Number of protein chains: 2
Amino acid sequence: MTLAEENYLKTIFHLERKLKSEVSTNALAERMQTRASSVTDMMQKLADKKMLVYKKYKGVQLTEKGKKAAAYVVRKHRLWEVFLVDKLNFHWDEVHEIAEQMEHINSVELIKRLDAFLGHPDFDPHGDPIPDKDGNIKKAEKRLLSELIKNQIGICVGVKESSPEYLQYLDKKKISIGTKINVLGKEFFDGSMMIQAGRDQFFVSKQIAENLYVQTN
Amino acid sequence: MTLAEENYLKTIFHLERKLKSEVSTNALAERMQTRASSVTDMMQKLADKKMLVYKKYKGVQLTEKGKKAAAYVVRKHRLWEVFLVDKLNFHWDEVHEIAEQMEHINSVELIKRLDAFLGHPDFDPHGDPIPDKDGNIKKAEKRLLSELIKNQIGICVGVKESSPEYLQYLDKKKISIGTKINVLGKEFFDGSMMIQAGRDQFFVSKQIAENLYVQTN
DNA sequence: ACTAATGTTTAGCTTTGCCTAAAATTATAA
DNA sequence: TTATAATTTTAGGCAAAGCTAAACATTAGT
């Protein structure tokens with residue numbers, strides 16, 4: 001498995017879950033910042049390797065083999081993210097690019113030990129689930145703050161969109177990964193909420209609430 | 001800097017220190033498990049990038065720029081080895097291949113934090129010095145094998161007395177300049193040691209150990 | 001249903017890093 | 001010193017993974 005192949009598989013894996021259908025050439029090209037023709041080339045190659053089913057003009061679908069390979073790349077990526085945040089004290093929004101490189105390191109024993117070293121985590125610092133060695137994914141328990149109802153409690157596990165402005169806002173309100181958020185009240189007509197975040201109580205607009213992932217339980 | 005370029009620089013760096021002269025095309029080809037013609041190609045490319053000075057038929061020599069780049073790759077390699085042994089409990093002879101991959105991960109901040117996480121180590125698990133961020137390497141001092149304690153590692157750099165019998169003994173045990181020696185155990189009352197020299201493990205008397213210089217660190 | 005717009009594939013080219021075979025240079029040895 | 005051996009370079013190719021331009025399929029609009 002080359003680096004490029006791993007990246008394609010990973011991206012198809014993500015797109016399949018998002019779109020819940022075959023993945024089109026253009027969708028892939030956009031996500032991978034490449035051209036449709038390059039995608040076609042790679043699809044043919046991955047189809048030859050039985051990683052996916054490719055039908056001309058009809059998009060692709062991962063086989064079991066492909067799914068497993070892709071999930072393993074995702075597993076490695078997310079474990080490294082946990083390492084970077086928990087052990088090297090990176091902030092959770094700085095780790096993606098580095099993990100993007102580390103996910104391609106090839107050693108089963110390394111990942112086994114890393115997993116143990118980190119205490120067999122189930123979720124990465126963004127709240128996304130870490131697939132197990134066999135590619136099974138625990139159902140994500142994260143949802144948007146805006147989905148919560150009065151008196152529900154969530155723990156902040158990530159953001160949906162991370163503009164500097166938004167992150168700065170969260171910073172000012174002292175909301176970060178792990179912050180407990182309690183929904184004190186909710187306005188139906190505009191979706192705004194009164195919340196308690198840590199020690200402080202304040203209002204957040206729908207827009208704010210729609211971009212914050214929390215883990216309920 | 002591509003992966004291949006980094007590997008060439010690193011290898012030239014090591015060979016320059018070993019041979020104390022320019023590095024020949026064939027020497028490089030052998031070390032890199034490739035063909036002389038491939039080496040020539042890459043030498044021309046690295047010369048264009050001012051990483052080394054290349055004169056046809058005369059071998060190559062790293063420039064300051066090339067030396068610095070190479071030392072940084074070595075730094076990363078050795079820091080990861082420390083990580084693998086100290087944190088993930090790998091044995092020191094299992095880590096090379098993995099570190100060979102990890103050394104190419106590209107993030108200054110990552111290495112800064114890794115270094116701190118490991119307690120700013122000066123030497124890797126094999127006893128080799130870790131270059132600092134500017135490419136400087138701590139000079140290692142030689143001492144007698146008999147001065148080492150359990151689990152210390154030394155590289156054979158010479159003998160104190162060189163009787164034919166002694167040299168023959170070393171020869172039989174396949175100990176020569178550059179042989180890595182790991183002290184597995186030491187008897188207090190007679191100063192004898194159980195050592196690993198290269199692949200073999202055996203006992204050496206105090207007398208033997210008192211006549212062999214090793215470089216620790 | 002047919003044409004236009006959109007999406008996808010094919011053909012052919014580029015770069016990187018490797019290869020083999022042949023030519024050129026340097027080293028060695030009689 | 002000169003021939004032979006060894007080393008190094010050059011020339012010409014190959015596979016991976018990308019690209020552009022052109023051809024081909026599908027979808028959508030009227």
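If you're wondering where the values come from, they're calculated on a predicted model, not measured in any experiment. Here is the naming used below: chain letters follow the sequence lines, and residue numbers restart at 1 for every chain.
Between the side chain of S37(B) and the base of dT8(D), no donor-acceptor pair under 3.5 Å is found.
In this entry the distance linking CG of D41(A) with C1' of dT10(C) reads 9 Å, nearest Å. Here the C1' atom of nucleotide dC18(C) and the CG atom of L3(B) are 14 Å apart, to the nearest Å. Rounding to whole angstrom units, CD of residue E30(B) and P of dT7(D) are separated by 10 Å. Atom pair E5(B):CD and dC18(C):P shows a separation of 10 Å (rounding to whole Å applied). Between the OH atom of Y57(B) and the C1' atom of dT9(D) there is a distance of 4 Å, given to the nearest Å. Between the NZ atom of K58(A) and the P atom of dA25(D) there is a distance of 12 Å, given to the nearest Å. The distance from atom CE of M32(B) to atom C1' of dC18(C) is 12 Å, rounded to the nearest whole Å. Remark: C1' of dC24(D) and NZ of K55(A) are 20 Å apart, rounded to the nearest angstrom.
When the nucleotides dT8(C), dT8(D), dC18(C) are ranked by their closest atom to the side chain of N26(A), dT8(C) comes out on top.
Taking side-chain N and O atoms only, Q44(A) has a distance below 4.0 Å to OP1 or OP2 of dT10(C). Between K56(B) and the phosphate of dT10(D), there is a side-chain N or O to OP1/OP2 separation shorter than 4.0 Å. The phosphate of dG18(D) has neither OP1 nor OP2 within less than 4.0 Å of any side-chain N or O from R35(A).
A salt bridge links K10(B) and E100(B); the closest N-O separation between the charged side-chain nitrogens and carboxylate oxygens is under 4.0 Å.
Of the options D122(B), D115(B), D124(B), D132(B), a salt bridge (charged side-chain N to carboxylate O under 4.0 Å, His left out) to R78(B) is made by D124(B) and by none of the others.
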- prompt: Could you go step by step and tell me if E16(B) and K20(B) meet the salt bridge (charged side-chain N to carboxylate O under 4.0 Å, His left out) rule?
  reply: CA-CA 5 Å; E16(B) 260 186 9; K20(B) 295 176 179 226; over 6 Å; no
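A donor-acceptor contact closer than 3.5 angstrom links the side chains of D190(A) and S192(A).
Base engagement by A36(B) is indicated by at least one non-hydrogen atom pair under 4.0 Å involving a base atom. Using a 4.0 Å heavy-atom cutoff across all strands shown, T40(B) reaches at least one base atom of the nucleic acid.
Between E5(A) and K49(A), the closest heavy-atom pair is OE2-NZ, 2.9 Å.
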